[in-house]
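Chain letters run A, B, ... following the sequence lines, proteins first, then strands; residues in each count from 1.
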Amino acid sequence: MSTPVNALASRIAEDFAAATAAGGRGLDTRRRALRELQAAGLPGTRDENWKYANLRGLERLRFVPAPAGATAIAEGALPAALPGFSRQVFVDGRYAPALSGAAPGGVFAPLAVTAAPPGSLTLGPDQRFALLNEAFATDGALVRVPARASARLELIFLATAEAASGSSYPRLSVEVADGAHLELIERHVSAASLGSFVNGSAQLHLARGAQVRHYRLQELSARSRAFDTLGAALDQDASYRLHAIGVGGAASRSTVAVRLQGERAAVTLAQVLLGARQQVQDCFALFDHAAPRTQSEQLFRGIAASRARVAFNGKVVVAPGAAGADSRQSLRGLLAGPEAEIDVRPQLEIYTDAVRCSHGATTGKLDEQMLFYLLSRGLSRDTAQRLLKWAFLEDAVSGIELPELRRQVELALAAALEDETLKELL
Amino acid sequence: MSTAKEILLQVQDLQVSVEGRKILNGLNLTVAAGEVHAIMGPNGSGKSTLANVLAGHPGYEVTAGSVTFRGENLLELAPEARARAGVFLGFQYPVEIPGVNNVYLLKAAVNAARKARGLEEVDAFDFLGMVREKMKIMRMDDSFLSRGVNEGFSGGEKKRNEILQMLVLEPALAILDETDSGLDIDALKIVAAGVNTLRSPERACVLVTHYQRLLDHVVPDVVHVLVRGRIARSGDKALALELERRGYDWVAGEAA
């Protein structure tokens with residue numbers, strides 16, 4: 001058998017055998033994940049929700065985890081620290097205590113030393129890369145916020161390995177108990193201009209009345225490939241705000257599934273994706289309203305420049321029992337290059353009456369009226385276009401409530417837009 | 001009108017089409033420094049087309065004629081170059097640009113003009129002080145400074161913002177396209193005060209308007225009536241009053 005899919009499956013099986021030859025913790029869980037993955041298979045581009053992702057050449061990867069500790073880490077590879085946040089650093093998915101700050105007591109632990117590593121949430125059919133992560137990851141971050149407590153945590157996942165030597169499996173498991181608050185920053189960065197393969201997984205459970213603000217930044221090097229899968233389950237009155245910014249990598253795919261399983265649970269996703277050069281940036285977000293009076297909002301702003309391809313597929317399902325659900329989608333894509341491609345797709349499946357759903361999806365070029373207005377004030381065409389791109393992203397960035405983080409995000413966006421002049425705005 | 005005054009704008013036999021339809025049909029207009037001209041006319045006569053063509057809007061095709069500004073061919077200049085040379089268009093329908101800050105736009109606009117003249121950038125602190133002074137004239141409060149361009153502004157606020165931009169940019173030639181439309185009497189007086197602030201022997205203003213009530217507050221030196229794409233009649237302030245009394249049909253009938 002020589003179809004690419006089977007080549008991929010046997011590659012994964014071989015690498016799994018190599019990775020687990022010496023035994024290790026949690027092997028049963030990992031073997032089960034592998035079996036589930038083998039049964040489901042990794043997605044292909046003929047899968048409806050994967051047609052914009054770059055899935056080519058996966059069978060040529062080395063799935064074994066990147067070797068530990070070979071690379072000395074320059075401090076400069078890490079972003080500037082944020083005041084008030086405990087920073088914990090992972091190198092190629094493994095906890096790096098030497099680079100980490102003091103852990104807030106009882107809130108954070110590396111997964112490698114916990115007694116029973118939590119398994120995957122099963123949230124829909126698109127968790128397959130999460131299974132791949134679960135099969136190969138040997139470490140990760142375990143975050144537990146006790147009832148009515150609050151915590152601020154910054155997790156940095158640093159990729160330092162070339163894909164040829166092994167893969168990086170950032171892993172994050174978050175449990176926020178009743179009435180607890182968590183501000184979580186999750187950043188994926190590269191140590192150098194390497195071509196890493198990074199396949200991350202994040203699982204969150206928000207108990208009754210829990211509140212989480214989650215900032216996810218994907219700023220990997222230009223040659224890296226990144227897959228990540230996030231699953232979140234929200235109990236009654238829980239509130240989850242996810243700000244996701246994707247600028248890095250040669251190709252990235254982010255899969256988000258949020259289940260609103262308790263009454264009045266609420267989720268907001270503000271997603272920014274920027275593509276330049278020949279980058280592929282793809283996101284699929286599924287929100288599942290499974291309880292009454294649940295609320296969701298998806299805000300997407302994507303810019304595709306040069307020959308980049310940027311896609312956002314936002315799906316909202318309102319189950320029969322979810323009366324009074326309220327869902328909003330505002331999805332906008334901006335074409336900033338003659339050979340760029342942008343695909344913005346809202347999907348709505350409603351199985352009950354008495355819901356409020358509004359969605360708007362647009363793709364296009366810069367607004368000619370706005371452009372002429374700025375030109376008529378003497379701004380150069382170049383400056384005017386840059387300003388309008390900036391303005392286009394504003395909605396999705398303005399919700400970042402931490403000023404220092406927002407400044408860092410804006411600088412990252414300005415760099416991705418190759419925009420020096422914008423920095424004077426910041 | 002003294003012949004010694006500098007001619008700022010000279011429009012000769014201007015013919016303009018939009019999507020193949022001829023809108024301006026041999027228009028002539030000469031505006032000298034120090035003058036305020038009012039261009040009046042019925043809907044569809046070409047008033048806004050004239051304003052937009054002078055500012056360089058890309059949706060209009062000039063098929064014949066010439067326009068010079070201070071003796072230079074204005075039609076050859078890109079919109080941004082016209083602005084830097086001192087031509088300002090006050091829009092009839094100013095766009096909202098959420099995410100672009102009002103003050104940032106003002107500063108970028110002033111610095112673009114200064115750069116074109118070989119001057120260095122304005123000092124940010126002095127600049128803000130200057131903007132606040134002009135905001136007082138336009139009765140705009142401080143919240144304006146932190147808002148996006150025209151973002152969530154009422155119609156009247158947008159028009160006042162146009163005049164504020166004009167006061168900050170100090171253009172040699174301001175073309176105000178129906179800046180008075182949609183204003184209540186108080187807002188009209190504020191806008192008129194702004195326009196009068198900039199009146200000087202070196203500058204000129206072209207007021208495009210449908211009604212003569214703005215002209216009670218900004219008294220024009222010359223009034224033109226535009227009918228079917230050309231100037232059918234010119235006169236002084238009395239012409240505006242007569243139009244108000246007799247209606248545009250009176251001139252349109254004569255021009256036919």
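A 4.5 Å side-chain heavy-atom check between B:His57 and A:Glu368 finds every atom pair outside the cut-off. The side-chain heavy atoms of A:Tyr373 and B:Leu89, taken from C-beta on, include no pair separated by under 4.5 Å. Here the side chains of A:Ser380 and B:Arg84 are in contact, with some heavy-atom distance below 4.5 Å. Using a 4.5 Å heavy-atom threshold, the side chains of A:Leu387 and B:Ile97 count as separate. Here the side chains of A:Gln369 and B:Tyr93 are not in contact, with every heavy-atom distance at 4.5 Å or above. Put simply, the side chain of A:Leu379 does not reach to within 4.5 Å of the side chain of B:Glu80, judged on heavy atoms.
Neither the backbone nor the side chain of B:Pro171 comes within less than 4.5 Å of any heavy atom of chain A. If you measure heavy-atom distances from B:Val149 to chain A, the contacts under 4.5 Å come from the side chain alone. For B:Ala113, no part sits under 4.5 Å from any heavy atom of chain A, backbone or side chain. If you measure heavy-atom distances from B:Glu96 to chain A, the contacts under 4.5 Å come from the backbone alone.
Ring-centre distance between A:Phe372 and B:Phe91: below the 6.0 Å cut-off.
In A:Arg277, the CZ atom is crowded: over 12 heavy atoms of neighbouring residues, nucleotides or ligands sit closer than 6.0 Å. No more than 12 heavy-atom neighbours from other residues, nucleotides or ligands sit within 6.0 angstrom of CZ on A:Arg307. Counting heavy atoms of neighbouring residues, nucleotides and ligands inside a 6.0 Å radius, atom CD of B:Glu72 does not exceed 12 of them.
The shortest non-hydrogen separation linking B:Gly90 to A:Arg377 is CA-NH2, 4.5 Å. The minimum heavy-atom distance between B:Ala83 and A:Leu375, with the atom names listed, is CB-O, 4.1 Å. Across B:Ala112 and A:Gly378, no two heavy atoms sit closer than the pair CB-O, 3.2 Å.
Distance check, rounded to the nearest 0.5 Å: OG of A:Ser376 to CG of B:Leu54 gives 13.0 Å.
A search for salt bridge (Lys or Arg N to Asp or Glu O under 4.0 Å) contacts involving A:Arg356 returns A:Asp326, not counting sequence neighbours.
Options B:Leu105, B:Asn111, B:Leu169, B:Leu106 differ in how many heavy-atom pairs under 4.5 Å they form with chain A, and the most are formed by B:Leu105.
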